[in-house]
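This one's a predicted model, so the numbers in the text were calculated from it and none came from an experiment. What's counted below: heavy atoms across the whole structure, side chains too, no hydrogens, waters or symmetry copies.
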Amino acid sequence: MRFLVFTDLHQKKSAIEWINAEIAKSGAEFVVCLGDVTDMGTGEEAAEIISGIKAKVYCLPGNCDARDMPQKVSGVCVDMHGKGADIGGYRFCGIGGSNITIFNSPFELTEDELYDGLKANAKEGMVLMTHVPSYGILDQIPSGQSVGSPAVKRIVDEYHPILAMSGHIHEAIGVKTYGGTTFVNPGPAMSGYAAVIDIVDGKVDVRLIGPGRSRIGRKPLHYPLILRVDRANAYIGNHNSRVDYNGTLAG
């Protein structure tokens, strides 16, 4: 099973063109959208943007999306907010929005709401889709503070997903394997980031896509970025770090 995942588009409609090109080039069977389709826009605007994607889309709202986005997009994609779906033999479980922030953004939930919304559809070894990351994993803002969700991390600890995808924290791009779960933040699509993920026999393989890498000529990145990861503890969330060929973090 191969799919493309993106997040944090923030209403940059021009990005749909390169997303469609990546879908065609990679052979992705479907697309996962992890939210912030709009930048405080309407549900109708989110639906219009998602309708331009030339593949089946499984979609969540982000904290910058309207509260009615799940209903408004349901005619153009599969709404995954507080829902589960069986895809290619794997259970996908999702919830959108974020935990409470200092910004009072439109789609914020309490930790109890996040936990209950996920638990209702959770399954051992599932694929987890959230906008907000697990606390302590791919969730650091530039100050170094972790701002992820303890509730999402609790779900991870209880149900051991093989894959946990999130966005929200634009700076925390990367892939990390912890406790048997592969965590992915593909980075903000508004800046040209996404990921192509393969799941075969329960094994997860991730290829990150970034603006420093030509989508035609595959030129070198402006800074080190993991292109393919299936080893434990490979992580890039700091542009001054590098990953050795054996998958260990250095620098």
Side-chain angles (χ1 to χ4, degrees), residues 1-98 105-107 109 114 117-118 120-123 126-132 152 161 163-168 184-190 192-199 209:
M1 178 171 67
R2 172 173 291 179
F3 59 94
L4 182 142
V5 56
F6 75 90
T7 185
D8 296 281
L9 187 66
H10 289 284
Q11 221 146 336
K12 189 172 183 180
K13 297 178 183 179
S14 61
I16 298 300
E17 182 177 357
W18 68 256
I19 289 172
N20 282 332
E22 284 292 345
I23 293 167
K25 186 174 72 173
S26 67
E29 300 163 42
F30 59 92
V31 171
V32 167
C33 171
L34 300 175
D36 279 359
V37 177
T38 70
D39 197 28
M40 313 297 180
T42 67
E44 289 86 355
E45 288 172 322
E48 179 186 358
I49 292 168
I50 294 297
S51 69
I53 298 174
K54 297 178 180 178
K56 187 170 186 176
V57 180
Y58 296 83
C59 187
L60 296 172
N63 62 298
C64 292
D65 292 314
R67 281 280 180 164
D68 66 354
M69 177 183 150
Q71 293 77 30
K72 297 296 184 182
V73 303
S74 61
V76 298
C77 68
V78 179
D79 165 39
M80 289 293 291
H81 177 59
K83 295 182 172 69
D86 295 317
I87 309 170
Y90 297 91
R91 180 66 169 175
F92 281 61
C93 177
I95 198 162
S98 76
S105 47
F107 214 127
L109 303 172
L114 289 166
L118 287 171
N121 299 289
K123 182 180 178 181
M126 64 185 168
V127 174
L128 185 61
M129 298 170 51
T130 62
H131 182 65
V132 64
V152 175
L163 172 65
M165 301 173 286
S166 63
H168 191 46
V184 180
N185 178 339
M190 64 180 289
Y193 294 95
V196 174
I197 299 179
D198 290 289
I199 305 178
I209 298 163

- Message: For a quick test of reading the model, state the closest non-hydrogen atom pair linking Leu9 to Ala189 and the distance between them.
- Response: CD1-CB, 3.9 Å
- Before giving the answer on side chain to side chain contact (heavy atoms under 4.5 Å, CB included), spell out for Ile95 and Leu109 the whole-Å C-alpha distance, their side-chain angles and the decisive distance to 0.1 Å. CA-CA 10 Å; Ile95 198 162; Leu109 303 172; 4.3 Å; yes
- Measure across Met40 and Ser105 and return the closest heavy-atom pair with its distance rounded to 0.1 Å. CE-CB, 4.3 Å
- Item | Gap between atom CD1 of Ile16 and atom CD1 of Ile50 - 0.5 Å precision | 6.0 Å
- For the side chain of Arg2 and the backbone of Val196, is there at least one donor-acceptor N/O pair under 3.5 Å apart? no
- Flag the pair Leu4 / Val32 as yes when at least one side-chain heavy-atom distance between them is below 4.5 Å, and no otherwise. no
- Item | Neighbour count >12 (heavy atoms, 6.0 Å) for atom NZ, Lys83 | yes
- Message: Name the residue from Phe6, Tyr90, Phe30 that meets the ring pair (Phe, Tyr, Trp, His ring centres under 6.0 Å) definition with Tyr58.
- Response: Phe30
- Item | Residue pair His81 / Asp79: nearest heavy atoms and the distance that separates them | N-OD1, 3.0 Å
- Task: Please name the pair of heavy atoms, one in Gly167 and one in Asn185, separated by the smallest distance, quoted to 0.1 Å.
- Result: O-ND2, 3.7 Å
- Passing candidate, side chain to side chain contact (heavy atoms under 4.5 Å, CB included) with Asp36, options His10, Met190, Gln11: His10
- Could you give the distance from CD1 (Ile23) to NZ (Lys56), rounded to the nearest 0.5 Å? 14.0 Å
- Message: Using modelled atom types and a 3.5 Å cut-off, is there a donor and acceptor pairing between side-chain atoms of Glu29 and backbone atoms of Phe3?
- Response: no
- State, to 0.1 Å, how close His168 and Asp8 come at their nearest heavy-atom pair, and which atoms those are. N-OD2, 2.9 Å
- Task: Report the C-alpha separation of Asp39 and Lys12 in whole Å, then their side-chain angles, then the decisive distance to 0.1 Å, and conclude whether the side chain to side chain contact (heavy atoms under 4.5 Å, CB included) test is met.
- Result: CA-CA 9 Å; Asp39 197 28; Lys12 189 172 183 180; over 6 Å; no
- Nearest 0.5 Å, what's the NE2-CG distance between His131 and Leu34? 8.5 Å
- Message: Quiz question: by atom type and distance under 3.5 Å, do the side chains of Asp65 and Thr38 form a donor-acceptor pair?
- Response: yes
- Item | Partner of Val37 by side chain to side chain contact (heavy atoms under 4.5 Å, CB included), out of Pro61, Cys77, Cys59, Cys64 | Cys59
- Message: Return the CG to OG distance between Leu128 and Ser166, rounded to the nearest 0.5 Å.
- Response: 8.5 Å
- Query: Any side-chain heavy-atom pair from Pro186 and Ile209 closer than 4.5 angstrom?
  - Reply: no
- Gap separating the NZ atom of Lys54 from the CD1 atom of Ile19, nearest 0.5 angstrom: 12.5 Å
- To the nearest 0.5 Å, what is the distance between CD1 (Ile199) and CG (Leu163)? 5.0 Å
- Query: Looking only at heavy atoms, which two atoms of Gly94 and Leu118 are closest? And how far apart?
  - Reply: C-CD2, 3.8 Å
